[in-house]
Amino acid sequence: MRVPDLGPVRAFLGEEHPAFVAAVRAFATRELAPRKEPADDDAGRREARELLGLLGRQGVFAPIGACDWRGCCLAREALAAASPLADAVFALQGLGLVPILLSDNAAMRKRWMEPTLAGEAMAAFAMTEPEAGSDVASMTTRARRDGDAYVLEGRKAFISNAGIADYYSVFASTDPDAGSRGISCFVVPADTPGLRFLGPQVLSSPHPLGEIAFEGCRVPAANRLGEEGRGFVLGLKTLDRLRATVGAAACGMAARALQEALSHARKRKQFGKPLGEFQLVQEKLARMATELTAARLLVYRAAWEADGAAERVTIEAAMAKLYATEAAQRIVDDAVQVLGGAGVLAAHPVDRLYRSVRSLRIYEGTTEIQHLVIAGLLLGERDA
Ligand SMILES: Cc1cc2nc3c(=O)[nH]c(=O)nc-3n(C[C@H](O)[C@H](O)[C@H](O)COP(=O)(O)OP(=O)(O)OC[C@H]3O[C@@H](n4cnc5c(N)ncnc54)[C@H](O)[C@@H]3O)c2cc1C
């Protein structure tokens, strides 16, 4: 199985996609797969910045600028299979830039789009707070209007690229009494006085993450994305488009894990024959491949709907993210089992996948939140 193998999802792709993914796959195999896993958080942060430039010069971020969601899925699938950190870099360029692209703020688009796509500016997306995770609308970061600016006060946690980003798309409340309808979104350049990096939050897999604070941070009103109070909707629209790409990253990690398990099952002999000849191992391999194919069909169906200019693809994206990330966790775990002791050696690619795949079930809305979104839409409690 090649990563990504276009066979099962070809019906969802456009004419331009096979050549694009072939180029990304070749680049990822040549330039990314051989790179060593960074030894610690500092090294991971430096590596993320290096990867940003590499990916940008290669043109990998182009589908983000084109709002080509199938292209984004193909890119993330290929990157995640070779380097989960490179995939995270791609994900954040999308999360930081897409609110700008979906809003009508031409000045912010002019300032940030080109450098983001070229890998010259690193983006970040600041929504989560220490006391507001799944319940995003309960955020307490405030943006108070003051003349031709807003003054931001508050704290954000679990922010990818915190401390190394060049700009943050920040969600803050402009009207605390209005709940989710009082949230607005702002572009805050990293060098804005009053924006402070509080420190890293270190994961078991390389991923630059951390906390930031806004202390009397003055942001021009011109940096607001869309109308005041429409930030929550902008955030949801962004996530609707990018959740399928989280599923795609999960598929890339799962496909790599399956590839490693297949290769091991062919070569490793116990009891006088290759592991692949034992039916208990065959059952695992068959289940891994079947679940991966089902996951990819959900992912590319959601991206295809989004590329078809559907205004909201909430249920499709939620199903894709939910199923693909859960399936990938099972697939990667099965791959570790097929590899035996070799699969838990820290230097083995499958061990790195095992540590990396876990977060995908949490960020951009946990599995439980996806269940609530899907059921809410089925029961008619939510507006599609
Ligand atoms: C690697 C990583 C990168 C991240 N990057 C970013 C980023 O760049 N920007 C950003 O803004 N955020 C980011 N996040 C934050 C992420 O979006 C949150 O962690 C996520 O939304 C969950 O919030 P929480 O961690 O506070 O968990 P909580 O909301 O406290 O949830 C804890 C558990 O309770 C469950 N739960 C919560 N509410 C319910 C409910 N109503 N019903 C049933 N179960 C429920 C959850 O599903 C979860 O299992 C990142 C997180 C990680 C792990």
Side-chain angles (χ1 to χ4, degrees), residues 41 44-45 48 52 76 80 84-99 116 122-141 152 154-173 180 183 185-188 190 197-198 200-214 231-232 234-236 238-240 242-243 245-246 249-250 253 317-318 321-322 325-326 328-329 352-376 379 381-382:
D41 189 59
R45 288 167 177 273
L52 177 76
R76 286 198 68 176
L85 181 56
D87 168 62
V89 169
F90 184 97
L92 269 300
Q93 293 302 91
L95 270 171
L97 183 63
V98 168
T116 305
M122 182 173 254
F125 180 87
M127 191 178 247
T128 304
E129 300 184 356
E131 302 305 326
S134 302
D135 183 11
V136 170
S138 68
M139 68 175 60
T140 56
T141 297
L152 271 62
R155 185 167 160 180
K156 298 283 179 185
F158 284 102
I159 305 307
S160 300
N161 292 346
I164 57 170
D166 293 295
Y167 70 96
Y168 297 79
S169 289
V170 178
F171 296 82
S173 178
S180 65
I183 291 171
C185 183
F186 304 89
V187 177
V188 185
F197 174 50
L198 294 177
Q201 295 173 292
V202 181
L203 298 184
S204 57
S205 59
H207 182 114
L209 192 73
E211 293 191 276
I212 53 172
F214 300 94
F232 191 71
L234 183 60
L236 292 185
T238 300
L239 292 175
D240 270 359
L242 294 178
R243 273 187 183 142
T245 76
V246 183
M253 293 186 200
K321 188 203 182 252
L322 160 67
T325 58
E326 292 287 331
Q329 178 84 51
R352 183 175 179 184
L353 294 171
Y354 188 72
R355 285 177 280 116
S356 301
V357 76
R358 191 62 184 85
S359 303
L360 304 185
R361 290 166 59 203
I362 296 172
Y363 72 65
E364 292 191 39
T366 63
T367 289
E368 290 75 16
I369 295 302
Q370 306 311 318
H371 280 134
L372 295 180
V373 166
I374 295 164
L379 293 166
E381 290 163 8
R382 279 167 193 264

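Whatever order the structure lists ligands and atoms in, that order sets their numbers, starting from 1. Everything numeric here is computed off the predicted structure, so don't read it as measured data.
By the 4.5 Å heavy-atom criterion applied to side chains, L209 and I159 are not counted as neighbours. By the 4.5 Å heavy-atom criterion applied to side chains, R358 and I362 are counted as neighbours. Side-chain contact between L198 and R155 is present, with heavy atoms from C-beta onward closer than 4.5 Å. Between P208 and L85 there is a side-chain heavy-atom pair separated by less than 4.5 Å. With a 4.5 Å cut-off on side-chain heavy atoms, Y167 and V188 do not count as touching.
Within the 4.0 Å cut-off (strictly below), no protein heavy atom is located near atom 25 (O) of ligand 1. Within the 4.0 Å cut-off (strictly below), no protein heavy atom is located near atom 30 (O) of ligand 1. In this structure, atom 20 (C) of ligand 1 has protein heavy atoms in its sub-4.0 angstrom surroundings. Checking atom 34 (O) of ligand 1 against the protein gives no heavy-atom contact under 4.0 Å.
Checked against a 3.5 angstrom limit, the closest N/O atoms of Y363 and ligand 1 fall outside it. When only interatomic distances are considered, the shortest N/O to N/O separation between I369 and ligand 1 does not fall below 3.5 Å. The shortest N or O to N or O distance between S134 and ligand 1 is under 3.5 Å. Residue A132 has no nitrogen or oxygen atom sitting less than 3.5 Å from a nitrogen or oxygen atom of ligand 1, judged on distance alone.
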Run the numbers on F214 and V170 for side-chain contact (heavy atoms from CB on, under 4.5 Å), then give the verdict.
CA-CA 10 Å; F214 300 94; V170 178; 3.7 Å; yes
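Contacts between L372 and ligand 1 below 4.0 angstrom, taking non-hydrogen atoms only, involve the side chain exclusively. When non-hydrogen atoms are compared, ligand 1 lies under 4.0 Å from the side chain of T366 (C-beta onward) but not from its backbone. Contacts between N161 and ligand 1 below 4.0 angstrom, taking non-hydrogen atoms only, are absent altogether. Here E364 has backbone heavy atoms under 4.0 Å from ligand 1, and that is the only part of it that gets that close.
The 12-atom threshold is exceeded at CZ of F232, counting heavy atoms of other residues, nucleotides or ligands nearer than 6.0 Å.
Among E368, E129, R361, the residue whose heavy atom lies nearest to atom 45 (C) of ligand 1 is E368. Comparing L203, I159, L209, T128 against atom 18 (C) of ligand 1, the shortest heavy-atom distance belongs to T128.
Scanning all protein heavy atoms for the shortest distance to atom 9 (N) of ligand 1 gives F125 O, 2.7 Å. Closest to atom 8 (O) of ligand 1 among all protein heavy atoms lies S160 N, 3.1 Å. Protein heavy atom nearest atom 6 (C) of ligand 1, with residue, atom name and distance: F158 O, 2.8 Å.
Close approach of ligand 1 to S359 is summarised as follows: ligand atoms under 4.0 Å from at least one heavy atom of the residue are 1 (C). Of all atoms in ligand 1, listed by their number and element, those nearer than 4.0 Å to a heavy atom of I362 are 19 (O), 20 (C).
Here E364 does not pair with K321 in a salt bridge; the nearest charged N to carboxylate O distance is not below 4.0 Å.
Side-chain contact of S359 with H207: a donor-acceptor pair under 3.5 Å is absent, judged by distance alone. If you check the side chains of R76 and T245, you find a donor sitting under 3.5 Å from an acceptor.
For F171 and F125, the distance between ring centers is under 6.0 angstrom.
Partners of E129 under the side chain to side chain donor-acceptor pair (under 3.5 Å) rule, at least two apart in sequence or in another chain, are T140, T141, K156.
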